[in-house]
Amino acid sequence: MGNQNSKSQQAAEQLLRDGRVALEWISKYLARAPELPVLSHVKPGDVFASLPSRAPSAPEPVETILKDLDDKILPGITHWQSPNFFAYFPGNSSPASVVGDLLSSGLGVQGMLWVTSPACTELEMRMLDWLVEMLDLPKHFLSTSSGGGVIQDSASSANLCAVLAGRERATQFGSNENGCDQRLTAYTSAQAHSSMEKAIKVAGIGRRNLRVIEVDEQFRMKPAALARAIQEDKAAGRVPCFVGATVGTTSTMSIDPLPEIGTICREHNVWLHVDAAMAGTAALCEELRSIHNGLELADSYCFDCHKWMFTNFDCTCFYVRDRKELTETLTITPEYLRNVASATGAVVDFRDWHIPLGRRFRALKLWLVIRSYGVEGLRAMVRRHIELTNQFVGWLRADSRFEIVAPVSLNLVCFRLKGPDSGSEVLMQKLNSSGKMFLSHTKLNGRFAIRMCIGQTYTEEEHIRAAWQEIQQHATEPAMAAG
Ligand code: PLP
């Protein structure tokens, strides 16, 4: 016992010493992130080759390791925490979130069962309930209702769990027993995130049984096409089991019409899952809540706090209308996990709500973020990003060399240089190699489009002004002529 205490004491002292150095490192990093080239330009294999081929046999001090972090690792980092990061969707962090993650690491809790740390489960339940109110989500998502929420590692995992629950409900929980029923079919729009297709494959439904529903001119799923596909499948003896709708598609942030889609799903008793990975956070603001119109018809829903809610990856909030359907799909209880608390049925064991058994104490960082900013603070940041986006859109519209190629939704703008695709491709390449910003692209109606998402925690007006100047400067002469 005495020996253990002294090891704990040593660990406490080491953490204070090394932790201070590491925190200082992170703090300096964040301060200089705006000046660093956003996109890493190392060549494949550079970082790997710079690292010794064998692990050290003797202990090394943290200062030596951090020196290598600067020299060998940092050049291979693409700076997601730079205010000049406009690519994909953001992978945001914040000081509160870093502290929350640090506390979680310090506690080192594994919260697979309620009994393995009751606070890990119950803080998570409370946070997910807070979010129901903060985003004005349907009340059946509350833990005090028929459903509830859980933190998952990613929207991809949440989408998979939704597919599995839909599959099981449609087959009276028979696919888990007998293997996947080959009559099952699923539906998403052509603009849905690729994780939907992956989920359909992993769930054993098979890509060929995924109907990719066409979208309208604003890239939203066409409800009539969905209804037709379901009817045709049913007429052919198939079993429709899952519809994946999106609020805020990855390419354009388009929003599928949930009221119509939900009505169709109800009529045919098909599981409706709504993926709002990026856009969901916008519902913090009352004036943006219409993005969730019709959500009350959904069986499940997810959004990522690790995208736009200033919480370090990973933190996806996944909600279900009826928790029994999810837990019956995923539960399995070996003898070694049995315990009195679980047997009473009075506690929640989150291991039954997702694929892995083990789970980190992720609710802590959410707790820190929500309490440190306050709901009003979070709303203000989202509103600011949308204002900045509108400002940027105004500049684009005033420059006849450019065209906006999808309706501007929330904080995403899809634009291109008029003329052949090559002009926009070269422009984006130049901008990304300048190190001054990082943008990514998509293809819309077969044409190349640059995506600019203004949602990084630290982005301010000066950054979008500088970005716009840079974009204008690099807009190519030939492409201008072609326009
Ligand atoms: N769904 C949508 C709409 C997305 O945009 C993304 C990622 O950008 C995902 C799912 C996947 O997110 P995650 O990285 O959390 O799996």
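Being a predicted model, the structure only gives us computed values, none of them experimental. Both ligands and their constituent atoms are indexed starting at 1 by order of listing.
Set against the non-hydrogen atoms of His306, the atoms of ligand 1 under 4.0 Å away are 15 (O). Against a heavy-atom cut-off of under 4.0 Å, Gly248 is close to the following atoms of ligand 1: 3 (C). Close contacts between ligand 1 and Phe89 involve ligand atoms 5 (O), 8 (O) [criterion: under 4.0 Å to a heavy atom].
A heavy-atom separation below 4.0 Å is found between Asp304 and ligand 1.
For Lys307, a nitrogen or oxygen atom sits less than 3.5 Å from a nitrogen or oxygen atom of ligand 1, counting backbone and side chain alike. Of the N or O atoms in Thr246, none lie within a sub-3.5 Å distance of an N or O in ligand 1. For ligand 1, one of its N or O atoms has an N or O atom of Asp275 under 3.5 Å away.
Under 4.0 angstrom from ligand 1, the non-hydrogen atoms of Ser195 all belong to its side chain. With a 4.0 Å heavy-atom cut-off, ligand 1 is reached by no atom of Met278. At a heavy-atom cutoff of 4.0 Å, ligand 1 is contacted by both the backbone and the side chain of Ser156.
Around the CD atom of Gln218, the shell of radius 6.0 Å holds more than 12 heavy atoms that belong to other residues, nucleotides or ligands. Around atom NZ of Lys72, more than 12 heavy atoms belonging to other residues, nucleotides or ligands sit under 6.0 Å away. Within a 6.0 Å radius of CZ in Phe48, no more than 12 heavy atoms belonging to other residues, nucleotides or ligands are found.
Atom 11 (C) of ligand 1 has as its closest protein heavy atom His193 CE1, 3.3 Å. Nearest to atom 13 (P) of ligand 1 among the protein's heavy atoms is Ala155 N, 3.6 Å. Atom 5 (O) of ligand 1 has as its closest protein heavy atom Thr250 OG1, 2.8 Å.
The backbone N or O of Ala449 sits nowhere less than 3.5 Å from a side-chain atom of Thr442 that would complete a donor-acceptor pair. Glu168 places no side-chain N or O within 3.5 Å of a backbone atom of Glu328 that could act as its donor or acceptor partner.
Under a 4.0 Å N-O distance rule, the pair Glu376/Arg379 qualifies as a salt bridge.
Ring to ring, Tyr29 and His79 are close: their centroids are under 6.0 angstrom apart.
Gln81 is listed as a side-chain neighbour of Tyr458, based on a closest heavy-atom distance under 4.5 Å. When side chains are defined from C-beta on, Leu388 counts as touching Glu461, because their heavy atoms get closer than 4.5 Å.
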